[in-house]
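A short write-up of the structure that comes next.
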Amino acid sequence: MSTEEKSAAPRSLAEALRVRDDVSLAALLRSRPDLITPVPTDLTQLATRAGTRASVVRALERLDRFALQTAEALAVAPDPASYGELLGLMAGDEEDPAVAAALPRAAALLREQALVWGADDRLRLVRTARELLAPSPQHPSPTGLGPTVREATAGMSPGRIQEILAAVGLPSTHDSVSAVSALGGLFADRRRMAALLAGLPAESREVLDRLVWGPPYGQVTHDPAAHLRALLDRGLLLPTAPGTVVLPREVALHLRAGRAHRAPEPVPPPVEAAATHRPQVVDATAAGQALAALATVDELLKEWDEGGPSVLRAGGLSVRDLKRTAVALDVPEPVAAFWVELAYGAGLIASDGEADERYAATPAYDEWRELPPAERWARLAGTWLTATRTPGVVGGRDAKDRTLSALGPNLDRSAAPEVRHRVLALLAGLPEGASPVAESVLARLRWERPLRGPQQQRETGTGEARDDDLRSRIARWTLSEAELLGVTGRGALAAPGRALIGAPEPPRPATTDDAGEPEGPGDKLPVHHHRTPPVTAPPSPAERAAATATAARLLAPLFPEPLDHVLLQADLTAVAPGPLEQELADVLGVLADVESKGGATVYRFTPGSVRRALDAGRSAADLHAFLARHSRTPVPQPLTYLIDDVARRHGRLRVGAASAYVRCDDDATLDEILADKRAAGLGLRRLAPTVLAAQADPAALLEGLRAIGFAPAAESAAGDVLIARADSHRTPPRAAPEPVPDGPPAPDDTLLAAAIRAVRAGDLASTAPRKPGPAGEDGAPGGTLPRTGAAETLATMQAAVLTGEALWIGYVNAEGAASQRVIAPIRVEGGFVTAYDHTADEVRTYPLHRVTGVAELADDAG
């Protein structure tokens with residue numbers, strides 16, 4: 001390198017950032033949004049922030065496996081290292097062509113994210129990243145390499161070092177530094193090192209083979225065996241503590257043929273297809289699942305219409321209430337937790353906030369039910385895709401060993417939206433209609449985000465991912481939840497699900513296969529890597545809204561037309577052969593009980609269900625007309641008799657508030673009630689021939705008389721029959737829970753442009769050369785704020801107005817925060833200076849009493 005090139009090479013990360021263009025800076029801030037919160041004042045502060053431990057750990061956690069392996073190799077390479085040295089550590093002596101082809105991308109990614117800086121001949125890993133990834137006795141490196149010869153011999157006596165030189169045939173030296181350098185040079189020389197190892201006994205080679213891929217530390221006794229003594233004498237094993245030895249890094253690299261990693265992974269593993277189906281079959285299956293999802297959520301909300309389960313003191317549902325909900329929905333408890341959390345996330349249920357706090361439907365539920373079915377589904381699917389609340393963890397334990405309950409706290413997992421979106425994106429990369437092998441999806445995700453970063457990789461030893469890591473569990477839940485929700489059909493991504501993530505709709509070639517069956521249980525379709533979409537930033541809210549609208553538009557034609565009829569049968573049942581119109585379904589849900597669900601829903605009419613319809617304000621004539629209008633079969637005589645019988649007895653008894661009373665025009669009916677022993681607990685006594693008084697409250701009296709077999713009706717103080725509606729209880733308006741973001745949000749283009757302008761301007765203010773002050777100060781960049789008297793400050797400002805020159809000032813704002821700025825004064829009057837502020841890139845006015853001092857810029861400051 002020439003002298004000119006050396007002087008032009010950046011000496012720090014700040015200088016490396018300073019020579020970047022705006023596009024490169026925008027890429028850095030977009031990939032590491034924590035650097036822009038708040039906006040740094042200049043590039044030096046940006047570089048400092050980029051080197052903090054929290055920011056570096058976050059950036060390392062977001063690297064793919066090969067990029068992380070590249071950073072790990074740089075951590076064990078000389079500092080600085082050339083690109084050739086890095087290539088040798090990654091590709092080995094044989095130079096694996098796949099590694100060599102992928103390494104430029106990985107190195108460029110590390111440089112873009114400011115984890116690596118410098119030219120190709122002087123690559124430097126930022127200090128914090130090196131501290132995190134470099135090997136140490138407390139934290140072995142993911143590479144399995146140990147310390148260098150220089151590090152391992154730091155506390156060794158000079159005499160012992162000279163003995164090792166003699167044992168390996170090197171001449172003695174006058175100092176330990178040159179001795180260690182000579183030993184390291186020997187171990188790094190492939191030819192001489194091979195000759196040294198060839199003279200070792202086979203048992204010694206076996207010891208080296210056990211340590212070569214890590215961990216590099218071993219135990220020895222105070223009197224080691226001969227084959228261990230041979231290694232210790234030659235420095236191939238170096239003592240680090242009493243009874244502990246380590247394999248030096250240079251020796252391990254020679255035994256590994258120069259490779260830092262046993263198995264570099266330059267290419268992401270492909271997502272394999274387990275089977276393929278016709279796209280039309282996939283879409284139809286997904287539409288059926290979507291329709292069932294709407295019915296399940298609607299059933300859940302109707303179940304909680306009059307007030308759902310109580311809210312636990314710590315928040316959430318009790319285990320018993322979750323079991324009851326699962327029984328009501330006829331699903332397993334984990335699935336019930338999914339539907340409950342989905343409705344909660346969509347803002348359809350919430351706590352009512354009363355003294356006896358319970359869950360209930362919200363006013364938003366009524367608005368949601370008025371939407372077309374496809375739009376209702378799109379709202380649920382969009383909520384699921386972006387929610388951070390993760391129902392899969394329900395039933396687990398939190399950090400304080402407390403059970404995690406549905407609708408309770410501590411269910412947010414900030415990685416969930418990203419994992420869900422990425423899983424669906426991987427499915428979108430498969431051939432249309434292909435369902436994936438689940439393990440191949442998990443393997444791909446682990447490659448893209450290897451576990452949770454270097455710290456957790458150290459916990460697992462070699463960096464291999466565990467099967468129970470959170471991202472893998474979320475991915476498994478995503479595959480099952482997407483099928484429940486109708487985003488996928490038969491495991492393959494359906495067209496509405498593809499639109500939901502903004503993936504383009506692939507062309508569908510003409511096919512003559514009408515069977516719609518998978519090619520075969522053993523057939524797997526390999527997927528080329530270019531078919532898999534790259535990792536992208538999360539979509540903006542506007543993009544998500546457009547995607548959900550498109551998904552609803554694609555799903556609408558796949559839904560069957562709602563039916564306006566049912567089939568009445570003589571066994572007091574009605575069969576709905578498909579989805580019903582909303583009004584018909586609502587009335588039938590009150591008039592009859594659901595007996596079974598599936599492709600066709602079976603309703604059963606009972607005296608209790610008919611009474612429920614009469615309590616809701618329907619008359620017998622209304623019910624007969626309703627059934628005749630909506631039945632494709634004649635109304636069976638048993639059903640007509642059932643309605644007439646219940647209606648004849650309904651309302652003959654009237655219950656009102658005294659504490660409570662019963663009145664009836666037929667005194668014989670009251671005599672029958674008084675004679676019934678089952679009514680003894682109601683505390684009834686006759687006030688008049690047609691009136692009974694009760695000690696029980698009206699609600700208990702109603703239930704007691706109905707349990708005996710009567711059909712009383714409640715009445716108001718005016719004597720009118722009270723109509724009880726099942727959907728009367730609603731919470732106050734509630735906002736849906738907001739997702740908990742995984743760190744700062746990704747900045748948009750407008751914010752990036754403004755931030756880069758501010759950073760550039762601040763950097764100009766901090767680095768512009770200044771003229772020496774009157775006391776001989778050099779005014780170096782990064783120094784203290786200028787200090788001048790009030791008179792000198794005013795005179796310099798007035799002179800700059802006349803000459804149009806820019807000035808460097810120190811300024812303290814109203815909050816006491818000091819800053820330095822470069823301004824071009826325009827006007828000075830009334831104790832204020834109006835100037836064009838190069839730092840803020842706008843015209844501002846500053847009080848002169850807040851200016852600490854002023855200095856002129858050097859002539860070449862531009």
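Computed over heavy atoms, backbone and side chain alike; hydrogens, waters and symmetry mates excluded. Predicted model, so just to flag it, every value in this text is computed and none were measured.
Contact check on R18 versus D42 returns no salt bridge, with no Lys/Arg side-chain nitrogen under 4.0 Å from an Asp/Glu carboxylate oxygen. A salt bridge is absent between E418 and R413: the closest approach of a Lys/Arg side-chain nitrogen to an acidic carboxylate oxygen does not fall below 4.0 angstrom. At a threshold of 4.0 Å, the pair D64-R105 counts as salt-bridged, since one of the basic side-chain nitrogens sits closer than that to a carboxylate oxygen.
Judged by distance alone, the side chains of S82 and R122 never bring a donor and an acceptor atom under 3.5 Å apart.
Residues passing the side-chain contact (heavy atoms from CB on, under 4.5 Å) test with P33, sequence neighbours excluded: P744, P747. Residues meeting the side-chain contact (heavy atoms from CB on, under 4.5 Å) test with T52, sequence neighbours left out: S55. Legend: residues meeting salt bridge (charged side-chain N to carboxylate O under 4.0 Å, His left out) with R402, ordered by chain and number and at least two apart, are D398. Taking D120 as the reference, R111 meet the salt bridge (charged side-chain N to carboxylate O under 4.0 Å, His left out) condition, with sequence neighbours excluded. With sequence neighbours excluded, the residues that form a side-chain contact (heavy atoms from CB on, under 4.5 Å) with S24 are R20, D21. Contacts of L86 classified as side-chain contact (heavy atoms from CB on, under 4.5 Å), with partners at least two apart in sequence or in another chain: T70, A73, L74, M90, L103, L123.
The side-chain heavy atoms of L470 and V419, taken from C-beta on, include no pair separated by under 4.5 Å. When side chains are defined from C-beta on, T390 does not count as touching L411, because their heavy atoms never get closer than 4.5 Å.
Surrounding CZ of R850 are more than 12 heavy atoms belonging to other residues, nucleotides or ligands, all under 6.0 Å away.
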